[in-house]
Amino acid sequence: MALTPSSAFTFKTSAFQVPPASNTPYTLLQTHPSLSLLSKCKNMETFKQIHSQFIKLGLHNNPFWLSKLVEFCAVSPFGDLEYALLIFNTIENPSEILWNILIRGYALSSNPELALEIYIKMVSLGNFPNSYSFPFLFKSCSKLMAAQIGKQVHGCVLKLGLESDVYIHTSIITMYAQIGQLGYARQVFDKSCLRDAVSFTALISGYVSRGCLDEARKLFDEIPVRDVVSWNAMISGYSEAGQFEEALNLFEKMGKVKVTPNESTLLSVLSACAHLGALELGKRVASWISDRGLGSNLFLANALIDMYAKCGEIDTARSLFDGIEVKNIVSWNVMIGGYTHGSKYREALAVFRQMQLEYVEPNDVTFLNILPACAHLGALDLGKWIHAYVNKYYYGLQNSSLWTSLIDMYAKCGSIEAAKQVFNGLEIKSLPSWNVMISGLAMHGDAHGAIDLFSKLVEEGIKPDDITFVGVLSACGHGGLVELGRRYFSSMVQDYSVPPKLTHYGCMIDLLGRAGLFDDAKALVETMDMEPDGAIWGSLLGACRIHKNLELGEYAASRLFKLEYNNHGAYVLLSNIYAGAGRWNDVARIRTMLNDNGLKKVPGCTSIEVDSVVHEFLVSDRTHPQGQDIYKMLDEIDRLLEMAGHVPDTSEVHYDMDEEWKEGILSQHSEKLAIAFGLISTKPGTTLRIVKNLRVCSNCHAATKLISKIFNREIIARDRNRFHHFKDGFCSCMDYW
DNA sequence: ATAGGGTTAG
């Protein structure tokens, strides 16, 4: 029968009579070998053996040993509270110490309300609480977030005149601080003259957890003697609030006053270094750690891996990772996250696969780290597997960012319908989930879908943020909805008080430029209250190429080169503009500039997932094991395209002066290779999904439209900018991109 | 003999 306190407190003690305390001197007890026996005990089986041993030796009649036995059951992580109660119930007149131990056990348990029940029982049986009882009671109140009861217990303390006990005093402050009653915590603190580092820190932690860092800092500066816990409270407070510079400043100060950091300090500091990319400090901390032989501390090792990866030293991170003999889930997660963070998506996937081979169970953080890699690579099968896994093992999971990541993954893998399904299935839709859904629709060229969703969001009374408007404005841009775009742009500030950032200006300039409204685009650039960045000049330049605007194109390019002298794509665009205007001398001049600056073309690269494996193709790639079959298919495609009347448009190849390379370059663009591979390695009618690192060229776009018709395949292509759904000879972008 | 401040990644 499971004993509950209420049923247990029947005090059926007739079976045992506890004799009076023995006269064994205390000093003898302290060194008794049985004490180390108990402290080494790791499970109840062993405990029961020790218990019966104690009974044989007659030690159980001694109050000291009795308390040790109950204490083990009540508070050891290997103990058993019900068993503690069982022993307790055999004792006729339990001492206050035993009552307190039991209260402590329940206060630490998952049912802290029982600690309060036992306290009431204790008092109702005529026992008085002492100064030891109250810290346990306050701990229970904190865990229960029970402000009312906490105040009653506080009243009790005052009645008994125990408020000046330093332990009780601190536990009252801690309790009020942890249940969010900072005013009370402050009053207790201010009224008393008991102000040591501990009570200061208790209050500081309260302020920190409510985000009142300035208030916390004021107190921190007043502490007469700060110990390492005080420093940690403040440093980790800054770090968790995103004030990483402040965290590191404080850490430097801590070193100057010669307080030795401990594990917590180092973890906070490494996290701040990771966020700031502060590699130098990170390395100093790393050598400090290894100098003290702390390198094998798993928490620190994981934090170091994270720091190195986020600071760009991914190989150092990897060798640390490989050096850990017994990794935990965090080790795997930070390594995967490090690769994702550094855009090394294939490596992220490889570590994930390794993790599965070693039978390590992934968790939600693993998925949060691996999903962006799936999204970037278009690894839809793995993404789907993760979705199924989450549904199976994390059903009802509250981690809303995981759902947001899944929506984003589906959208970026070209499965906008699946993205919608996940989104619609969400009971609670966080703003980020709305945002990824809106930009997902925008990416897929469903401008009206995105705008409708935005209206729904507003109807639900949710306040959109700057990211929402990036989605809305880019939807308008992809759809060529100029007037609507203008309206949303002005509505941002007016109706939602979201001031436009550079990206919003970028969306608008792209929208206006692509619609050929150069005067408006120029006017917007000139009236902006911030300096235009490369992306803005780049999209203006791109628009100038589409609309053959030589003059503005030259200007935009000159501005862009001042910011990004090595932007190869920009030289190409400008060269295309010159070529379109027949200005061959200028084309040649650009060619020379490229050579002089040693700029290499970013190779076009397209990936396609077949049978859960992501295959990558570069321009004119001949490295694929099925290369021969692919090129055979490519010839077949070109033959059928020609028959269908497709004439390659060579106006965009002029920038490429390499004549022999130019030959056939169009038909060997990476997306065509990927499509050819997709056609030969999937069943007829299967949708092909491809991901390209650059923007699709107009040639491939025209060709892909025809391929979709000739081979009766839906082809979903993601380029640098957006999705194109090719079907039946048409593209969802309506040739506006 | 039982008591106070903080545990870790995104």
Side-chain angles (χ1 to χ4, degrees), chain A residues 21 26 29-30 35 62-71 74-75 94-105 107 129-139 142 162 165-175 177-178 185 189 194 196-206 208-209 223 226-237 239-240 262-271 274-275 297-307 309-310 328-338 340-341 363-372 399 401-402 404-405:
Chain A
Y26 176 51
L29 291 172
Q30 271 187 318
L35 206 56
N62 175 292
F64 172 83
W65 290 111
L66 205 50
S67 75
K68 286 294 162 202
L69 289 170
V70 176
E71 189 190 4
V75 300
S95 63
E96 269 111 1
I97 294 168
L98 280 170
W99 281 104
N100 285 343
I101 288 171
L102 208 57
I103 292 172
R104 177 185 176 206
N130 60 19
S131 65
Y132 286 82
S133 320
F134 289 103
F136 306 137
L137 296 176
F138 288 123
K139 175 144 244 142
S142 304
L162 291 171
D165 179 286
V166 64
Y167 291 98
I168 294 180
H169 175 249
T170 314
S171 59
I172 294 171
I173 295 170
T174 307
M175 184 265 297
Q178 287 180 353
F189 179 82
L194 298 168
D196 57 3
V198 182
S199 58
F200 263 106
T201 309
L203 190 56
I204 287 170
S205 302
V208 163
S209 66
I223 307 179
R226 288 172 274 268
D227 62 11
V228 67
V229 183
S230 321
W231 285 96
N232 287 349
M234 209 58 232
I235 292 173
S236 73
S239 189
E240 268 155 43
N262 65 11
E263 190 192 69
S264 305
T265 327
L266 299 169
L267 290 172
S268 299
V269 168
L270 286 172
S271 158
H275 282 274
N297 177 319
L298 191 53
F299 282 120
L300 290 174
N302 290 342
L304 282 171
I305 293 170
D306 190 46
M307 181 276 293
K310 298 272 167 65
N328 68 1
I329 182 71
V330 179
S331 321
W332 292 94
N333 289 349
V334 291
M335 198 61 238
I336 294 172
T340 306
H341 179 84
N363 66 8
D364 52 340
V365 179
T366 320
F367 296 141
L368 231 35
N369 286 334
I370 199 79
L371 280 170
N399 189 341
S401 40
L402 186 50
T404 303
S405 283

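Numbers restart at 1 for each chain; the letters A, B, ... are given by sequence-line order, proteins then strands. All of these numbers come straight from a predicted model, not from anything done at the bench.
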Is there a donor-acceptor contact under 3.5 Å linking the side chains of [X] and [Y]?
X: Ser199(A); Y: Asp196(A); answer: yes
X: Ser133(A); Y: Asn100(A); answer: yes
X: Ser239(A); Y: Ser268(A); answer: no

Nearest to side-chain heavy atoms of [X], which nucleotide of [options]:
X: Val330(A); options: dA9(B), dG4(B), dT2(B); value: dA9(B)
X: Lys310(A); options: dG10(B), dG5(B), dT2(B); value: dG10(B)
X: Val229(A); options: dG10(B), dT2(B), dG6(B); value: dG6(B)
X: Ser131(A); options: dA3(B), dG10(B), dG4(B); value: dA3(B)
X: Pro135(A); options: dG4(B), dT8(B), dG6(B); value: dG4(B)
X: Ser205(A); options: dT2(B), dG10(B), dG6(B); value: dG6(B)

How would you label the contact of [X] with the nucleic acid (heavy atoms, under 4.0 Å): base, sugar-phosphate, or nothing?
X: Thr174(A); value: sugar-phosphate
X: Asn328(A); value: nothing
X: Ser230(A); value: base
X: Asn302(A); value: nothing
X: Phe136(A); value: sugar-phosphate
X: Ala74(A); value: nothing

Return the value, rounded to whole Å, for the distance between atom [atom1] of [X] and atom [atom2] of [N].
X: Leu137(A); N: dG4(B); atom1: CG; atom2: C1'; value: 14 Å
X: Asp165(A); N: dG4(B); atom1: CG; atom2: C1'; value: 9 Å
X: Phe189(A); N: dG4(B); atom1: CZ; atom2: P; value: 19 Å
X: Ile235(A); N: dG6(B); atom1: CD1; atom2: P; value: 16 Å
X: Glu240(A); N: dG10(B); atom1: CD; atom2: P; value: 11 Å
X: Arg226(A); N: dG5(B); atom1: CZ; atom2: C1'; value: 15 Å
X: Leu162(A); N: dT2(B); atom1: CG; atom2: P; value: 19 Å
X: Ile305(A); N: dG10(B); atom1: CD1; atom2: C1'; value: 15 Å

Subject >> N/O (side chain, Lys139(A)) to phosphate O (OP1/OP2, dT2(B)) under 4.0 Å >> reply: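 Answer no for this pair, as no side-chain N or O of Lys139(A) is under 4.0 Å from OP1 or OP2.
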**OP:** Tell me whether the OP1 or OP2 atom of dG6(B) has a side-chain N or O from Gln178(A) closer than 4.0 Å.
**Re:**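 True: Gln178(A) side-chain N/O within range (under 4.0 Å) of dG6(B) OP1/OP2.
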Subject >> Residue list, side chain to side chain donor-acceptor pair (under 3.5 Å) with Glu96(A), at least two apart or on another chain >> reply: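 For Glu96(A), no residue satisfies side chain to side chain donor-acceptor pair (under 3.5 Å) once neighbours in sequence are set aside.
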**OP:** State, to 0.1 Å, how close Trp231(A) and Arg226(A) come at their nearest heavy-atom pair, and which atoms those are.
**Re:**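 Minimum heavy-atom contact is NE1-CB, 3.5 Å.
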Side-chain donor/acceptor contact of [X] with base of [N] under 3.5 Å:
X: Asn333(A); N: dG10(B); value: no
X: Asp196(A); N: dG5(B); value: no
X: Thr201(A); N: dG5(B); value: yes
X: Ser264(A); N: dG6(B); value: yes

**OP:** Taking ring-ring contact (aromatic ring centres under 6.0 Å, His included) as the test, write out the residues that go with Phe134(A), two or more places apart.
**Re:**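 Listed in chain order: nothing, the list is empty.
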